[in-house]
**Q** 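Quick one: the structure is below, questions incoming.
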Amino acid sequence: METPIRLSGLARRFISDGLLTEENAQAAQQQAKESKQAFVSYLVNQQILGSKEIAASASQEFGVPLFDLSTMNMELSATSLIDEKLVRQHNALPLYQHGSRLYVAISDPTNLSALDAFQFNSSLATQPILVDEVQLSTTIEQALDTSANQIDEFKDEEFNDLEMGPDDDEQDDSNASGKDIDETPIVRFIQGILTTAIKAGASDIHFEPYEKVYRIRTRIDGMLHEVKTAPISTAGRISARLKVLSRLNIAERRVPQDGRMRLKLSKTKTIDFRVNTCPTLFGEKIVLRILDPTSAQLGIDVLGYEEDQKKIFMEIMHQPYGMVLVTGPTGSGKTVSLYTALNILNTDDRNISTAEDPAEISLAGINQVNVNPTVGLTFSAALKAFLRQDPDIIMVGEIRDLETAEISIKAAQTGHMVFSTLHTNDAPQTLTRLANMGVPPFNIASAVSLIIAQRLGRRLCGNCKIREDLSADTLLEEGFSQAKIDEGLTIYKAVGCESCTQGYKGRVGIYQVMPISEAMGRIIMDGGNSMELGDQAKVEGIADLRESGLKKVAAGLTSLEELNRVIKE
């Protein structure tokens, strides 16, 4: 005779409440086990008992109130913490996390296999919350659909899975084991963050661990915005996954690391990410720089140069020799300006080489070198090699020291066009910075052909910007001329709408384009300072950054508030 199956406490409750006979309870529990269903799910699916009857009995049995799932905002649920397969398999739903505890909606609190599986998958202690079975099944579908839509809304752009970075042969094999880790919810979460950032036009993504929360921010139009917070318990898994994708050493958490990874948008377009990790008090902060190759192919017309500035830039970049320096703070668009010039000059009859740290965007037809000081491949070493390779045009990512400056100037004096960057506040200060490095004034005056200082300001949204009424005295104080005010000057301010971010959408370049004239050369030779050079630039009609920015304000492209943010008096 077959041994009767041991009845659960809930089954005995159904018997005592007169909902089932002992024989029916035995049979139902046995059938549920054989069909690999939860006991309560089997009763409801086979219409043996109603979900409300089951919920009422379970509430009495366990002495806990019944939770109404219709009051829960499923967009805030913790479904990203648990694999979708486990949610469907156990018919249980992670609702929210509080500290190290995960609260799980379940119709049968005796279903310990579900609670154990969720605890193992999330590394959190699980706490059951009693809910109606039918309501639970419906809510699970809604929650999973909401979670999936956060990723699926980008399907029209044909996002595929993330691919590894290109430098596989240079990485440590210690990462190999990381590829086999099952991190499906984390993979979906990261891919959702990346695709959302790309769609929003972000330039950087910050993954930041703190004591009690894991914050994710994106930089859009130069400003950081918080887009997501995650439980701090997920920090280790998120950073490990990002490091695996970037081919970094996941076992090394004590020192910063640099890597790259790639997201394929379609069969013809990919986005690269430059990845940097930095150890902090509560884990590794990871910053991703989004490298869109199309930004180097925008063309000079969309960068924001005034017509006279564009004409000067085009004329000098086509000269057979000389030096063009682009200056400005980090994130001011210097790299895009240089890449735009290289794209214009990239023809079959020119040999172009670049030394960068690192090369952010791959340009076909241009020889790009990543400097690596740890093996002796510095900017100066790369430049020396370039000069032996019959170059026409050389681009140096940044002039950081006297040796690099001297080799660059020598190249400009010996029949090569050289492009590079410096970190100074405006164009006149660039010349004095070179002199302070130790470059002889004669070499500066004879080699440097053009200096471009630039900033990036947020562009006003065309849908919601409104006129800003300011007094004539205020406009004069801001730098507008009386003649411009008398013409009927109209300026605008930011408002904000659904199609923009805080009243701004995109960015516009603000430039000071200063060709080095004979008069400026004499000032340099005589040991003049940046103030004297600035005065000479004004005599020659060269607009400084403030004057160029005021033109953008008068044209309705940006606001006075934004101009004052990016350009100080």
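Note that this is a predicted model, so its numbers are computed, not measured.
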**Q** How long is the gap from OH on Y511 to CG on L303, to the nearest 0.5 Å?
**A**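 Reported to 0.5 Å precision, the distance equals 4.5 Å.
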**Q** Keeping the roles fixed (side chain from N370, backbone from D357), state whether a donor-acceptor pair exists under 3.5 Å.
**A**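 No; judged by distance alone, with no hydrogens or angles, the pair does not exist.
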**Q** Got more than 12 heavy atoms from elsewhere within 6.0 Å of CD, E561?
**A**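 12 or below, so no.
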**Q** Is any side-chain heavy atom of P94 less than 4.5 Å from a side-chain heavy atom of F118?
**A**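 Heavy-atom side-chain distance check passes, below 4.5 Å.
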**Q** Indicate yes or no for a side-chain donor-acceptor contact from K334 to the backbone of S420 under 3.5 Å, with no hydrogens or angles considered.
**A**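 The answer is no, because no donor-acceptor pair under 3.5 Å joins these two groups.
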**Q** Is a side-chain donor or acceptor of N564 paired with a backbone partner of L560 at a separation under 3.5 angstrom?
**A**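 Answer holds: yes.
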**Q** List in chain and number order the residues that pass side-chain hydrogen bond (donor to acceptor under 3.5 Å, both in side chains) with S353, two or more places apart in sequence or in another chain; answer none if no residue qualifies.
**A**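 If we apply the side-chain hydrogen bond (donor to acceptor under 3.5 Å, both in side chains) test to S353, skipping adjacent residues, there are no hits.
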**Q** When rounded to the nearest 0.5 angstrom, what distance separates CD1 in I216 from CD1 in I238?
**A**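 Between atom CD1 of I216 and atom CD1 of I238 there are 5.0 Å.
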**Q** Run the side chain to side chain contact (heavy atoms under 4.5 Å, CB included) check on L93 and L95 step by step: do they pass?
**A** CA-CA 6 Å; L93 180 66; L95 290 180; 4.0 Å; yes
**Q** To the nearest 0.5 angstrom, please state how far the OG1 atom of T421 sits from the CD1 atom of I399.
**A**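 Spacing of OG1 (T421) from CD1 (I399) equals 7.5 Å.
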**Q** Does T327 use its side chain to pair, donor to acceptor, with the backbone of L422 at less than 3.5 Å?
**A**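 Present.
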**Q** Holding to side-chain hydrogen bond (donor to acceptor under 3.5 Å, both in side chains), I want the full list of residues that pass it with T378, two or more places apart in sequence or in another chain.
**A**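 For T378, the residues satisfying side-chain hydrogen bond (donor to acceptor under 3.5 Å, both in side chains) (neighbours in sequence not counted) are S380.
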**Q** Spell out, as yes or no, whether a donor-acceptor pair under 3.5 Å connects the side chain of H423 to the backbone of G328.
**A**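 Here the side-chain-to-backbone pair exists.
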**Q** Would you check if S548 and E306 make a side-chain contact, meaning some heavy-atom pair closer than 4.5 Å?
**A**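 S548 does not reach E306 side chain to side chain.
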**Q** Heavy-atom distance under 4.5 Å between the side chains of V227 and I205, does that happen here?
**A**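 No; the side chains remain at least 4.5 Å from each other.
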**Q** Can you measure from CD (E356) to CZ (F379) and round to the nearest 0.5 angstrom?
**A**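 Here the rounded value is 8.0 Å.
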**Q** Test your reading of the model: is there a side-chain donor-acceptor pair from K465 to the backbone of G556, 3.5 Å cut-off?
**A**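 Yes; at least one donor-acceptor contact below 3.5 Å.
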**Q** Is it true that atom NZ of K505 has more than 12 heavy atoms of other residues, nucleotides or ligands lying nearer than 6.0 Å?
**A**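 Atom NZ in K505 is not crowded, with 12 or fewer foreign heavy atoms closer than 6.0 Å.
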**Q** Please check if the side chain of Q512 supplies one atom and the backbone of A427 the other of a donor-acceptor pair under 3.5 Å.
**A**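 A pair under 3.5 Å: yes.
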**Q** Does K493 come within less than 4.0 Å of E562, counting only side-chain N to carboxylate O?
**A**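 Salt bridge: no.
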**Q** Without placing hydrogens or testing angles, list every side-chain donor-acceptor pair under 3.5 Å for residues 275-291, not counting sequence neighbours.
**A**
unit_1 : atom_1 : unit_2 : atom_2 : d
N276   : ND2    : Q257   : O      : 3.4
N276   : ND2    : D258   : OD1    : 2.8
T277   : OG1    : Q257   : N      : 3.0
T280   : OG1    : G283   : O      : 2.5
E284   : OE1    : K243   : NZ     : 2.9
E284   : OE2    : K243   : NZ     : 3.1
K285   : NZ     : H206   : ND1    : 3.2
K285   : NZ     : E208   : OE2    : 3.0
R289   : NE     : D204   : OD1    : 3.4
R289   : NE     : D204   : OD2    : 2.5
R289   : NH2    : D204   : OD2    : 3.4

**Q** Calculate, to the nearest 0.5 Å, the distance between atoms CG and OG belonging to N463 and S499 respectively.
**A**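 Rounded to the nearest 0.5 Å, the CG-OG separation comes to 4.0 Å.
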**Q** Quick one: CD1 on I366 to CG on L342, what's the gap to the nearest 0.5 Å?
**A**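 Output value for this atom pair is 4.5 Å.
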**Q** Please say whether more than 12 non-hydrogen atoms of neighbouring residues, nucleotides or ligands are located less than 6.0 Å from CZ in R253.
**A**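 Result for CZ/R253: open.
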**Q** Who pairs with F313 by ring-ring contact (aromatic ring centres under 6.0 Å, His included), at least two apart in sequence or on another chain?
**A**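 Only Y305 meet the ring-ring contact (aromatic ring centres under 6.0 Å, His included) criterion with F313.
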**Q** When you measure from the side chain of Q454 to the backbone N and O of L456, does any donor-acceptor pair fall under 3.5 Å?
**A**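 Checking the backbone N and O of L456 against the side chain of Q454, no donor-acceptor pair under 3.5 Å is found.
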**Q** Is any side-chain heavy atom of L345 closer than 4.5 Å to a side-chain heavy atom of F419?
**A**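 Side chain of L345 against side chain of F419, heavy atoms only: contact under 4.5 Å found.
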**Q** Not counting sequence neighbours, which residues clear ring-ring contact (aromatic ring centres under 6.0 Å, His included) with Y492? List them please.
**A**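 Y492 satisfies ring-ring contact (aromatic ring centres under 6.0 Å, His included) with no residue once adjacent residues are dropped.
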**Q** Which residues pass the side-chain hydrogen bond (donor to acceptor under 3.5 Å, both in side chains) test with K310, not counting sequence neighbours?
**A**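 Result, side-chain hydrogen bond (donor to acceptor under 3.5 Å, both in side chains) vs K310: D301.
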**Q** Keeping the roles fixed (side chain from D132, backbone from S107), state whether a donor-acceptor pair exists under 3.5 Å.
**A**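 No, the answer is negative, given that no donor and acceptor are paired below the 3.5 Å cut-off.
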